[in-house]
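Working notes for the structure below.
When a residue number appears, it is its place in the shown sequence, counting from 1.
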Amino acid sequence: MRVFWGILFGTFFFCQMSCNSQKQVVTAQNTDNDPRIKLIDEDLYSGIYQLETSVVRDMKSLKKFYAQINKTRKPGLPVPSVDFSQHTALIICAGAQEADEKVGISFGDENDKELIINIKKHSVAESTANGTSTITYPFYVYTIPSTMKSVHFVKLK
């Protein structure tokens, strides 16, 4: 009987440790070598089919965005923790793009009243050999230092 429970526990433990859905580790990544911009979350499906951007300055708005994203997910994605006293969140829903593309942002012009954020797509892998590709609808959540300036997004080519 001990052997049975040992095997059962070992199998359960192995399954829990290897299952990707149990891992909710999000590592902050710098974007375009600017330490002020950090990528805190991303996923390949947002359910938003054209480019949309938003500036989030409170947790209620961030939770509202994740409620929209999680409508078709079971289980839903966890809402990342952001200290809004020190950071402002930027959400970019990239619309339709190929799976080997990724969106990056960088600071543009800035003055006393407004801040420009540049959005640029770049390829992260070689295209497939047979010419087929997968279309995704990703979203990205970035943080920047807290600002009350008007934030405008500019899509670069």
Item to check | Rounded distance [0.5 Å steps], CZ in F84 versus CG in L62 | outcome: 5.0 Å
Next on the checklist: Looking at every heavy atom in both Y66 and P78, which two are closest together, and how far apart are they?
Outcome noted: CE2-O, 3.6 Å
Next on the checklist: Taking the side chain as everything from C-beta on, heavy atoms only, tell me whether L90 gets closer than 4.5 Å to F153.
Outcome noted: yes
Checklist entry - L44, L39: one ILVMFWY side-chain cluster at the under-4.5 Å cut-off? => result no
Checklist entry - Considering all heavy atoms of both residues, which atom of I37 and which atom of S106 are nearest to each other, and what is their separation? => result CD1-CA, 3.7 Å
Item to check | Result of checking T53, L156, V154 against I119 for side-chain contact (heavy atoms from CB on, under 4.5 Å) | outcome: T53
Checklist entry - Is a salt bridge present between K60 and D58, judged by a nitrogen-to-oxygen distance below 4.0 Å? => result no
Checklist entry - If Ile, Leu, Val, Met, Phe, Trp and Tyr residues are connected whenever their side-chain heavy atoms lie under 4.5 Å apart, and connections chain through other members, are V56 and I116 in the same group? => result no
Item to check | Distance, nearest 0.5 Å, that separates CD1 of I48 from CZ of F65 | outcome: 5.5 Å
Checklist entry - How many angstroms lie between CG in L115 and CD in E110, if you round to the nearest 0.5 Å? => result 5.0 Å
Item to check | Cluster check I40, Y45: I/L/V/M/F/W/Y, side chain < 4.5 angstrom | outcome: no
Next on the checklist: Measuring from atom CG of D41 to atom OH of Y142, what distance do you get when rounded to the nearest 0.5 angstrom?
Outcome noted: 11.0 Å
Next on the checklist: Any heavy-atom pair between the side chains of P145 and T147 that's under 4.5 Å?
Outcome noted: no
Checklist entry - Taking all non-hydrogen atoms of both residues, which atom of K149 and which atom of N111 are closest, and how far apart? => result NZ-O, 3.1 Å
Checklist entry - Below 4.5 Å, heavy atoms only, C-beta onward: do Q97 and P138 meet side chain to side chain? => result yes
Next on the checklist: To check you understand the geometry: which heavy-atom pair defines the closest contact between H122 and V103, and what is its length?
Outcome noted: CE1-C, 4.2 Å
Next on the checklist: To the nearest 0.5 Å, what is the distance between CG on D43 and CD1 on I69?
Outcome noted: 8.0 Å
Item to check | Nearest non-hydrogen partners of M59 and V82, listed with the distance | outcome: CE-N, 4.4 Å
Checklist entry - Which heavy-atom pair separates A94 from L51 by the least distance, and what is that distance? => result CA-CD1, 4.0 Å
Checklist entry - Does any non-hydrogen side-chain atom of E42 lie less than 4.5 Å from one of K102? => result yes
Checklist outcome for this item: Rounded to the nearest 0.5 angstrom, the CG-NZ distance for D100 and K121 is 11.0 Å
Next on the checklist: Taking the side chain as everything from C-beta on, heavy atoms only, tell me whether F107 gets closer than 4.5 Å to I117.
Outcome noted: yes
Next on the checklist: Please check this pair: side chain of S46 against backbone of Y137, looking for a donor-acceptor N/O pair closer than 3.5 Å.
Outcome noted: yes
